[in-house]
Amino acid sequence: MDILALILVIIGAVNWGLVGFARFDLVAWIFGGQTAGVSRVVYALVGLAGLWCITLLIRRIARGSAAE
């Protein structure tokens, strides 16, 4: 699950980088627009993956402080 979440977060980061630098939304281009159902699902999954990655960070910090 952690690897899948990281992959989705990377996809989201690349997409936002393209939006910021080139005004090009790759997800919308691939799936037929920002309001297309599949695009919205991808955006939602990337958002959920971002939340999951917060737990990765918290777990890593907790492991690091337990090791000290």
Side-chain angles (χ1 to χ4, degrees):
M1 185 68 162
D2 295 345
I3 298 298
L4 178 61
L6 286 170
I7 290 168
L8 286 169
V9 168
I10 290 167
I11 289 169
V14 168
N15 192 58
W16 276 111
L18 287 170
V19 169
F21 291 115
R23 294 185 182 173
F24 179 71
D25 187 339
L26 181 63
V27 172
W29 180 76
I30 290 172
F31 297 113
Q34 288 183 338
T35 58
V38 179
S39 293
R40 293 183 60 197
V41 168
V42 171
Y43 296 139
L45 288 174
V46 167
L48 290 172
L51 293 174
W52 183 265
C53 286
I54 292 171
T55 70
L56 283 175
L57 179 63
I58 292 169
R59 284 186 276 156
R60 184 170 188 131
I61 290 170
R63 247 191 333 231
S65 64
E68 292 176 7

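From a predicted model like this one, the values you see are computed outputs, not experimental measurements.
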Original post:
Would a hydrophobic clustering, with Ile, Leu, Val, Met, Phe, Trp and Tyr connected at side-chain separations under 4.5 Å, put Ile30 with Val19?
Top reply: no

Subject >> Pair Arg60 + Asp2: basic N to acidic O under 4.0 Å >> reply: no

Original post:
Would you call Asp25 and Tyr43 a side-chain contact if the rule is heavy atoms closer than 4.5 Å?
Top reply: yes

Subject >> Leu45 side, atom CG; Trp52 side, atom CH2 - distance, nearest 0.5 Å >> reply: 14.0 Å

Original post:
Do you know which two heavy atoms are closest between Ala49 and Ala5, and how far apart they sit?
Top reply: CB-O, 3.5 Å

Subject >> Nearest-0.5 Å distance, CH2 of residue Trp29 to CG of residue Leu18 >> reply: 11.0 Å

Subject >> In one Ile/Leu/Val/Met/Phe/Trp/Tyr side-chain cluster, 4.5 Å: Leu48, Ile7 >> reply: no

Original post:
Applying the 4.5 Å side-chain criterion to the ILVMFWY set and letting contacts propagate, would Leu26 and Ile10 be lumped into a single cluster?
Top reply: yes

Original post:
When you look at CG of Leu51, are more than 12 heavy atoms from neighbouring residues, nucleotides or ligands closer to it than 6.0 Å?
Top reply: yes

**OP:** Would you name the heavy atoms of Ala28 and Ser39 that are closest together and state the gap between them?
**Re:** CA-OG, 3.9 Å

Subject >> CG on Leu56 to CD1 on Ile61, rounded to 0.5 Å >> reply: 11.0 Å

Subject >> Heavy-atom closest contact (Gln34 atom, Arg40 atom, distance) >> reply: O-CG, 3.6 Å

Original post:
What heavy-atom pair brings Asn15 and Val27 nearest, and what distance separates the two atoms?
Top reply: OD1-N, 3.1 Å

Subject >> Joint cluster assignment, Val46 & Val14, ILVMFWY side-chain distance < 4.5 Å >> reply: yes

Original post:
Does Leu4 share a hydrophobic cluster with Val9, counting links as ILVMFWY side-chain heavy atoms below 4.5 Å and allowing steps through other members?
Top reply: no

